[in-house]
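Note sheet for the following structure.
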Amino acid sequence: MQRTKIKDILRNDATDYEVVVKGWVRSFRNNQFIALNDGSCMNNLQVVIDLNTDADIVKRITSSAAISVHGKVMPSQGKGQKVEVIASSIEILGDCDAEKYPLQLKNKPSLEYLREIAHLRFRTNTFGAVFRVRHSLAFAIHQFFNERGFVYLHTPIVTASDAEGAGETFRVTSLPFDNPPRNEDGSVDFREDFFGRSTNLTVSGQLEAELGAMAFSEVYTFGPTFRAENSNTARHLAEFWMIEPEVAFNDLVANMDLAEDFIKYIIQYALDHNREDLEFLTQRLVEEEKQKPQNERSEMGLIEKLEFVLNNKFERVTYTEAIDILLQSPAYKKKKFQYDVSWGIDMQSEHERYLVEKHFKKPVIVTNYPAAIKAFYMRQDDGCAPGKETVAAMDILAPGIGEIVGGSQREERLERLERRMNEMHIPTEEMYWYLDTRRFGTVPHAGFGLGFERMVLFVTGMTNIRDVIPFPRTPKNAEF
RNA sequence: UCCUCCUUAGCUCAGUUGGUUAGAGCACCUGACUGUUAAUCAGGGGGUCGUUGGUUCAAGUCCAACAGGGGGAGCCA
């Protein structure tokens, strides 16, 4: 007989039919009631076993043992559930020695402890919910772009370009590290390396995505990204996933519209498809915040926050306006900011948080940043006063997370792009392939990058990025 | 990388001004239980107090270094 998923049994009220269910024991009460979970949904299925069941079998029904149950779905006599399965036979598929098993759910294991047993943490309610939501968001991303005719472009993971320069990169090599071939001047001879040149893991698929956009009009990437930065925070990973759409003929405003529609679409998808998971996560957040003083707790519940984001237009302000708001703010006048504010600064976390969490109290898109603090490929704004040059950049700042999207209209004018690259000491010869798009049929275009894990943080209400990726890679940690 | 806090049983945590044999709840083991919902009840086992070095008659407790972790910052997505 074919296995029925627990989700399918629980989501309809039908009874009086036979099923085979398989899963892992969450709890076993009164030598009679098994709470069974197969990961298909948040809730457990109650399995009621016969009191005459072989004592040797009963003994093996331990927390997290894998079992198969053949039985009949019936209305439950108990209060906690509508239906339950009355078992006619039960088979132990995989024993779980309770004495050695490191995960005891009744002990309310901490998130930090669960991180140390990340190979088992999927079996908890919290991580079950988080990773089902993560899946839905990933799926919704593909659906959103597919519905709009975007081509999913797989940009390379191994790349020779480190032109973006920003992040430290992970080197990819097959050379012997203890005795690499050397040039006469003593430097490593990468001509001997696998690719015949120095290569590293990608820090962004954007430049390649732009090449695709110059043929398909709209493309997106969704893949792993690697940064060897020694940043140890709740918002950074050495290996993370990034979504980067790139659209020909879009200007900055169209870019913002796309980003806002996109974020709202995937949040809506999660609300529509993961209601139980999000309700659980909402409750989890309430419990977590009980530890905090009143004034540090969220003003809205998780689901309430997501619905608020859906129902309100993101605030759009220029960098110049944002700086003015900060300069006029009570926080600034009372000298509450640790870092000073003036036109030209790269805004600090405290400034971004003030704008998002105190001033506007909703997601904010900040545009037209000073050119000096932004990347070479961003389109230079026309008509700027000397010393006040800006670019068509846009960052979306989310409450509690900070920067969730960074994007811009791209500089499509060859001479201006080359001039900027020279100013920033980016080698134009090596980047001939990028500049070729500006030589041959260049058009205005725009795109952005969205950090997937930061989006998952926002939607799940989790607070540490290591808890929203199955196996986090961070400085000094590549376990599992 | 910087600042700060933490590390005591499988988990979560107490442990007083340094002073006998280091505690609790849960988990685990044994037994009881025919409608449980984190089941309940009775009994039992379980510790190199993160590591190394130092101060002291005496260190879980004081000092230093190191390791791991949390929170904040920088960098960023």
Side-chain angles (χ1 to χ4, degrees), chain A residues 26-35 43-53 55 58-59 62-64 74-81 84 86 96-117 124-125 164-168 203-206 224-244 291-292 296 338-339 346-350 352-353 373-375 395-398 401-407 448-458 463-469 474-477 479:
Chain A
R26 280 288 173 85
S27 77
F28 185 36
R29 296 182 290 267
N30 209 16
N31 275 2
Q32 196 183 0
F33 303 97
I34 300 166
N43 289 318
N44 301 323
L45 175 70
Q46 174 153 290
V47 173
V48 185
I49 67 166
D50 195 295
L51 286 161
N52 297 318
T53 303
V58 173
K59 218 173 178 175
T62 57
S63 178
S64 247
M74 299 296 285
S76 177
Q77 297 172 39
K79 288 223 173 78
Q81 55 285 314
E84 64 193 16
I86 307 297
C96 184
D97 184 342
E99 212 164 350
K100 292 177 185 154
Y101 188 55
L103 177 59
Q104 299 302 339
L105 297 173
K106 287 176 199 167
N107 284 339
K108 291 187 267 180
S110 64
L111 294 174
E112 291 81 14
Y113 173 69
L114 290 169
R115 224 171 277 152
E116 291 170 20
I117 52 165
T124 64
N125 283 337
E164 235 197 310
E168 296 292 312
V203 296
S204 164
Q206 181 202 315
T225 308
F226 306 88
R227 305 267 169 97
E229 292 155 358
N230 189 16
S231 40
N232 216 306
T233 80
R235 289 178 293 284
H236 289 83
L237 292 164
E239 176 184 288
F240 63 100
W241 289 67
M242 189 152 64
I243 298 100
E244 294 171 293
Q291 319 291 324
K292 295 186 183 175
E296 286 176 28
Q338 194 188 336
Y339 294 87
D346 204 352
M347 278 190 274
Q348 305 292 315
S349 297
E350 58 177 354
E352 296 182 345
R353 291 184 61 159
I373 57 171
K374 287 291 182 181
D395 284 0
I396 302 185
L397 311 176
I401 312 283
E403 185 178 342
I404 197 164
V405 162
F448 61 85
L450 175 134
F452 184 53
E453 283 74 19
R454 289 190 180 174
M455 192 67 214
V456 181
L457 275 181
F458 185 74
T463 48
N464 193 311
I465 202 163
R466 297 163 198 206
D467 295 331
V468 298
I469 188 167
T474 52
K476 300 280 190 304
N477 183 11
E479 190 67 43

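Residue numbers begin at 1 in each chain, while the letters A, B, ... track the order of the sequences.
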State the [atom1]-[atom2] distance between [X] and [Y], to the nearest 0.5 angstrom.
X	Y	atom1	atom2	result
A/His236	A/Arg227	NE2	CZ	9.0 Å
A/Ile396	A/Ile401	CD1	CD1	13.5 Å
A/Phe448	A/Ile404	CZ	CD1	11.0 Å
A/Ser349	A/Leu397	OG	CG	10.0 Å
A/Leu105	A/Ser27	CG	OG	8.5 Å

Across the strands shown, which category fits [X] at heavy-atom distances under 4.0 angstrom: base, sugar-phosphate, nothing?
X	value
A/Phe28	nothing
A/Leu103	nothing
A/Asn44	nothing
A/Lys79	base
A/Thr233	base
A/Ser231	base
A/Gln81	base

Nucleotide paired to [N] in any strand shown, Watson-Crick or G-U, under 3.5 Å:
N	value
B/A24	B/U12
B/C33	none
B/G50	B/C66
B/U61	none
B/U1	B/A73
B/G18	none

Considering just the side-chain nitrogens and oxygens of [X], establish if one lies under 4.0 Å of OP1 or OP2 belonging to [N].
X	N	value
A/Lys106	B/A39	yes
A/Arg26	B/U37	no
A/Arg29	B/A39	yes
A/Arg466	B/G69	no
A/Ser76	B/G35	no
A/Asn464	B/G71	yes
A/Ser27	B/A38	no

Among [options], find the nucleotide with the atom closest to the side chain of [X].
X	options	answer
A/Asn30	B/A39, B/G71, B/U37	B/A39
A/His236	B/G74, B/U12, B/U37	B/G74
A/Glu99	B/A73, B/C28, B/U36	B/C28
A/Tyr113	B/C11, B/G70, B/C76	B/C11
A/Gln348	B/C28, B/A38, B/A73	B/A73
A/Gln46	B/G35, B/C29, B/C26	B/G35
A/Tyr339	B/G68, B/U12, B/A73	B/A73

Atom-to-atom span, [atom1] of [X] to [atom2] of [N] - whole angstrom:
X	N	atom1	atom2	answer
A/Leu51	B/G35	CG	C1'	9 Å
A/Gln104	B/C29	CD	C1'	12 Å
A/Asn232	B/A67	CG	C1'	14 Å
A/Leu45	B/U36	CG	C1'	15 Å
A/Asn31	B/U30	CG	P	12 Å
A/Glu244	B/C76	CD	P	16 Å
A/Asn43	B/U37	CG	C1'	12 Å

Exercise. Using atom types as modelled and distance alone, determine if a side-chain donor or acceptor of A/Glu453 lies under 3.5 Å from a backbone N or O of A/Trp241.
Key: yes
Exercise. Indicate yes or no for a side-chain donor-acceptor contact from A/Thr62 to the backbone of A/Cys96 under 3.5 Å, with no hydrogens or angles considered.
Key: yes
Practice problem: Assess whether one donor atom and one acceptor atom, taken from the side chain of A/Gln77 and the base of B/U34, lie less than 3.5 Å apart. | Solution: no
Quiz prompt | Base B/G35 paired with A/Glu84 side chain (donor-acceptor, <3.5 Å) | solution = yes
Self-check item: First of A/Phe33 and A/Gly451 reached from the 5' end of RNA chain B, by closest nucleotide
Solution: A/Phe33
Quiz item: Taking the nucleotide of RNA chain B with the closest heavy atom to each, which residue, A/Ser349 or A/Trp241, is nearer the 5' end?
Solution: A/Ser349
Quiz item: When rounded to the nearest Å, what value does the distance between P atoms of B/U40 and B/G25 take?
Solution: 14 Å
Practice problem: Considering only NZ, NE, NH1 and NH2 on the basic side and carboxylate oxygens on the acidic side, decide whether A/Lys374 and A/Asp346 come within less than 4.0 Å. | Solution: no
